[in-house]
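Reviewing the structure listed below.
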Amino acid sequence: MAKPTRLQDQVKIRGIRRRWLLNSVAIILLILTLAVGAFAAMLWSYYYTGTEDDLMRKATSMANGFRMYTRTDYRAAAQQAVSSYEDKGKLELQFLDTTGTVLYSGSDLTAGSTPSTPEIQQAMTERTARPWLGRDPDTKERILTASSPVIYQGEVVGVIRYVTSLSEIDRQFVFSMAVITAIALAIFAMVYFSNLYFVRSIVEPLAGITEIARVIADGSYGVQIEKKFDDEIGELTDAINDMSLKIRQSEKTQSEFISSVSHELRTPLTAITGWAETIQSGECRSAGDIRKGMEIIVSESKRLGNMVEELLEFSRIEDGRFTLSVEPLDLKAELEDAVYTYTEFFRKEGITLEYTDGPEEMLPISGDPERLRQVFCNLLDNAAKHGGAGKRIHVTLFKEGNEAAIRIRDYGPGAPEEELPFLKNKFYKGSSKARGSGIGLAVCEEIVTRHEGTLEVGNAEGGGFLVTIRLPVEN
């Protein structure tokens with residue numbers, strides 16, 4: 001499978017930035033657009049609809065005041081109303097006849113003209129006030145008008161029309177919209193660039209982490225990423241750095257394990273092969289030499305078998321095939337059998353195995369006798385291999401509350417303090433020169449843990465190494 005190129009990484013980064021901006025900035029843009037639209041609607045209502053309603057009220061009120069006049073009286077009253085009209089500079093007042101011709105005008109400029117806006121005819125036809133907004137057909141200026149019919153005894157005798165220019169209102173509306181649009185654009189710009197900066201502060205560190213992660217994946221285990229943040233990116237950096245160190249340690253440990261196992265397997269095989277060839281060639285002429293050679297072959301074969309079985313046990317644990325055959329048993333009896341088995345064996349090696357039995361009664365537990373025997377034998381064997389220089393191993397059994405405790409102590413040099421936290425790790429051998437695969441304690445801890453117990457290791461007071469097993473006792 002081809003590895004992703006740096007260009008592909010940049011495309012992915014841009015994709016993240018694009019999605020982030022679309023998801024966040026697009027929402028802000030939508031909100032601002034709706035806000036500007038709502039503001040525009042309110043401005044329109046305030047300026048145009050408000051002005052229209054005001055003109056409609058004026059036109060209707062004025063028309064109601066002329067309802068008592070006949071057609072002739074209407075003309076005379078209209079002339080008098082125009083002459084006394086005071087808002088000529090702000091609002092034009094017009095009186096029209098039934099043909100739509102302006103009889104009198106507050107500005108005298110439109111008298112005699114015939115406005116062609118549609119609301120005049122609508123007002124006379126529908127007999128109600130009608131507004132109109134648009135451009136004046138003659139001057140092309142934007143205007144707003146309101147026309148109301150004057151009705152005398154059910155007959156339309158004229159039309160009262162108010163007209164106002166929209167130039168000032170349009171300027172105010174456009175200015176207000178420009179201001180709110182500028183504010184919206186400024187808000188959008190701040191949101192956009194702040195989001196862009198924030199996304200960059202996320203994406204660029206992630207790009208660096210991705211690059212280092214690829215370096216680690218290519219085999220450069222142990223490489224560390226510089227931590228620049230104390231947030232989630234910092235936690236991700238710590239996790240990758242920790243993973244890198246653990247992978248390097250695992251690779252180193254696995255390499256050491258393969259080397260160690262190869263050496264451990266070669267040693268008994270060399271002894272077995274050497275003595276077998278010697279006996280086969282007839283070089284051993286005395287029965288004593290043959291017996292000695294056969295003893296070595298048997299001993300090394302057993303050691304080789306134990307190592308293979310240990311590796312198989314570890315393999316079962318790793319792939320989940322490790323199981324227990326639990327049954328009621330006496331922990332005290334099982335431990336004593338293991339101690340008895342190793343007492344004579346250690347005596348031949350010049351090691352004294354002492355056993356102290358605290359409780360007189362039996363210690364009933366639920367467990368797998370074969371697996372527990374494997375733990376006891378493994379720990380006793382480790383005590384002889386690593387602490388045999390002290391020529392003494394002490395096993396103690398006692399009860400603490402609802403737990404049975406087993407202590408196996410040797411009187412050798414003990415373990416360096418800095419190695420104690422790693423002794424139960426798989427493949428770990430530390431600085432010990434003793435032969436072994438480095439998985440014995442890992443297998444023992446797995447077995448004890450599955451019995452709902454604990455296995456603790458450490459240096460004993462006064463020297464030597466101490467292993468403590470605690471298992472729950474049934475009532």
Side-chain angles (χ1 to χ4, degrees), residues 38-177:
F39 185 79
M42 288 189 295
L43 279 180
W44 184 275
S45 176
Y46 176 76
Y47 285 119
Y48 296 100
T49 306
T51 302
E52 178 184 298
D53 292 343
D54 185 55
L55 290 184
M56 291 286 286
R57 284 195 300 271
K58 288 180 178 295
T60 301
S61 177
M62 180 70 75
N64 289 335
F66 278 70
R67 286 182 180 276
M68 74 280 299
Y69 298 113
T70 64
R71 190 183 301 272
T72 303
D73 295 336
Y74 163 71
R75 290 175 177 269
Q79 184 178 18
Q80 183 178 1
V82 166
S83 62
S84 62
Y85 183 58
E86 299 179 353
D87 292 333
K88 297 179 180 181
K90 299 179 181 180
L91 187 65
E92 183 177 359
L93 172 62
Q94 299 175 348
F95 289 89
L96 289 74
D97 61 18
T98 54
T99 64
T101 302
V102 178
L103 298 175
Y104 304 102
S105 170
S107 62
D108 291 331
L109 297 177
T110 58
S113 64
T114 304
S116 57
T117 56
E119 92 285 355
I120 298 174
Q121 189 61 39
Q122 291 174 357
M124 288 189 290
T125 302
E126 299 175 8
R127 298 193 175 197
T128 183
R130 298 293 299 175
W132 182 81
L133 185 151
R135 292 191 178 275
D136 189 296
D138 298 325
T139 64
K140 305 303 180 183
E141 180 184 12
R142 275 174 50 81
I143 60 173
L144 176 63
T145 69
S147 300
S148 181
V150 177
I151 301 174
Y152 176 75
Q153 293 182 352
E155 179 185 0
V156 176
V157 297
V159 175
I160 296 178
R161 183 172 184 252
Y162 280 95
V163 182
T164 184
S165 173
L166 293 178
S167 299
E168 184 64 28
I169 294 178
D170 286 344
R171 282 194 296 271
Q172 292 178 355
F173 180 80
V174 171
F175 176 76
S176 299
M177 286 303 301

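Values in this document were obtained by computation on a predicted structure and should not be read as measured data.
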Check: Hey, what do you get for CZ (F95) to CD (Q79), rounding to the nearest 0.5 Å?
Finding: 11.0 Å
Check: Counting heavy atoms not belonging to E168, are there more than 12 under 6.0 Å from its CD?
Finding: yes
Item checked: Pair L133-R142, side chain to side chain contact (heavy atoms under 4.5 Å, CB included): steps then yes or no -> CA-CA 7 Å; L133 185 151; R142 275 174 50 81; 3.8 Å; yes
Next item on the list: Indicate the atoms forming the closest heavy-atom contact of S167 with E141, along with that distance.
Entry: OG-OE2, 3.4 Å
Next item on the list: Over 60° means perpendicular and under 30° means parallel, so classify the ring planes of Y74 and F66, tilted if in between.
Entry: perpendicular
Margin query: Minimum heavy-atom separation for T114 and T99, please, with both atom names.
Written below: CG2-O, 4.5 Å
Check: To the nearest 0.5 Å, what is the distance between OH (Y47) and CD1 (I169)?
Finding: 9.0 Å
Next item on the list: Using only heavy-atom distances, determine whether the side chains of T164 and E92 contain a donor-acceptor pair under 3.5 Å.
Entry: no
Notebook entry, point to check: Is there a donor-acceptor contact under 3.5 Å from the side chain of R67 to the main chain of Q153?
Noted result: no
Check: Between A78 and Y104, which heavy-atom pair has the shortest distance, and what is it?
Finding: CB-CD1, 3.8 Å
Notebook entry, point to check: Do side-chain atoms of S113 reach the backbone of P115 as a donor and acceptor pair under 3.5 angstrom?
Noted result: no
Check: Given side chains that start at C-beta, do those of V157 and Y69 come closer than 4.5 Å, heavy atoms only?
Finding: no
Next item on the list: Decide, yes or no, whether a salt bridge links D54 with R57 under the criterion of side-chain N to carboxylate O below 4.0 Å.
Entry: yes
Check: Would you find a donor on one side and an acceptor on the other, under 3.5 Å apart, between the side chain of S83 and the backbone of Q80?
Finding: yes
Next item on the list: Indicate the atoms forming the closest heavy-atom contact of T60 with A129, along with that distance.
Entry: OG1-CB, 3.5 Å
Note to self: Tell me if a side-chain donor or acceptor on D136 pairs with a main-chain N or O of T139 at a distance below 3.5 Å.
What the structure shows: yes
Check: How long is the span from the CD1 atom in I120 to the OG1 atom in T125, to the nearest 0.5 Å?
Finding: 11.5 Å
Check: For residues T72 and T70, is any side-chain donor paired with an opposing acceptor at under 3.5 Å?
Finding: no
Item checked: Interatomic spacing from CG in L96 to OG in S147 - rounded to 0.5 Å -> 7.0 Å
Checklist line | Chi angles and distances behind the side chain to side chain donor-acceptor pair (under 3.5 Å) call for S148, R161 | finding: CA-CA 6 Å; S148 181; R161 183 172 184 252; over 6 Å; no
Check: At their closest point, which heavy atom of L55 faces which heavy atom of L144, and how far apart are they?
Finding: CD1-O, 3.5 Å
Note to self: side chain to side chain donor-acceptor pair (under 3.5 Å) for Y48 and D170? Distances and angles first, verdict last.
What the structure shows: CA-CA 9 Å; Y48 296 100; D170 286 344; 2.3 Å; yes
Margin query: Within this structure, what is the NZ-CZ distance for the pair K140 and R135, rounded to the nearest 0.5 Å?
Written below: 9.0 Å
Checklist line | Pair Y46 + F173: ring centers closer than 6.0 Å | finding: no
Margin query: Could you tell me if the side chain of T145 sits less than 4.5 Å from the side chain of E119, heavy atoms only?
Written below: yes
Notebook entry, point to check: How many angstroms lie between OG1 in T128 and CE in M56, if you round to the nearest 0.5 Å?
Noted result: 6.0 Å
Notebook entry, point to check: So, Q94 and S105: side-chain donor and acceptor under 3.5 Å apart, yes or no?
Noted result: no
Margin query: Show the nearest heavy-atom pair for residues T117 and P137, with the distance to one decimal.
Written below: CG2-CD, 4.2 Å
Checklist line | Sole candidate of L93, L91, D53 that passes side-chain contact (heavy atoms from CB on, under 4.5 Å) when paired with K58 | finding: L91
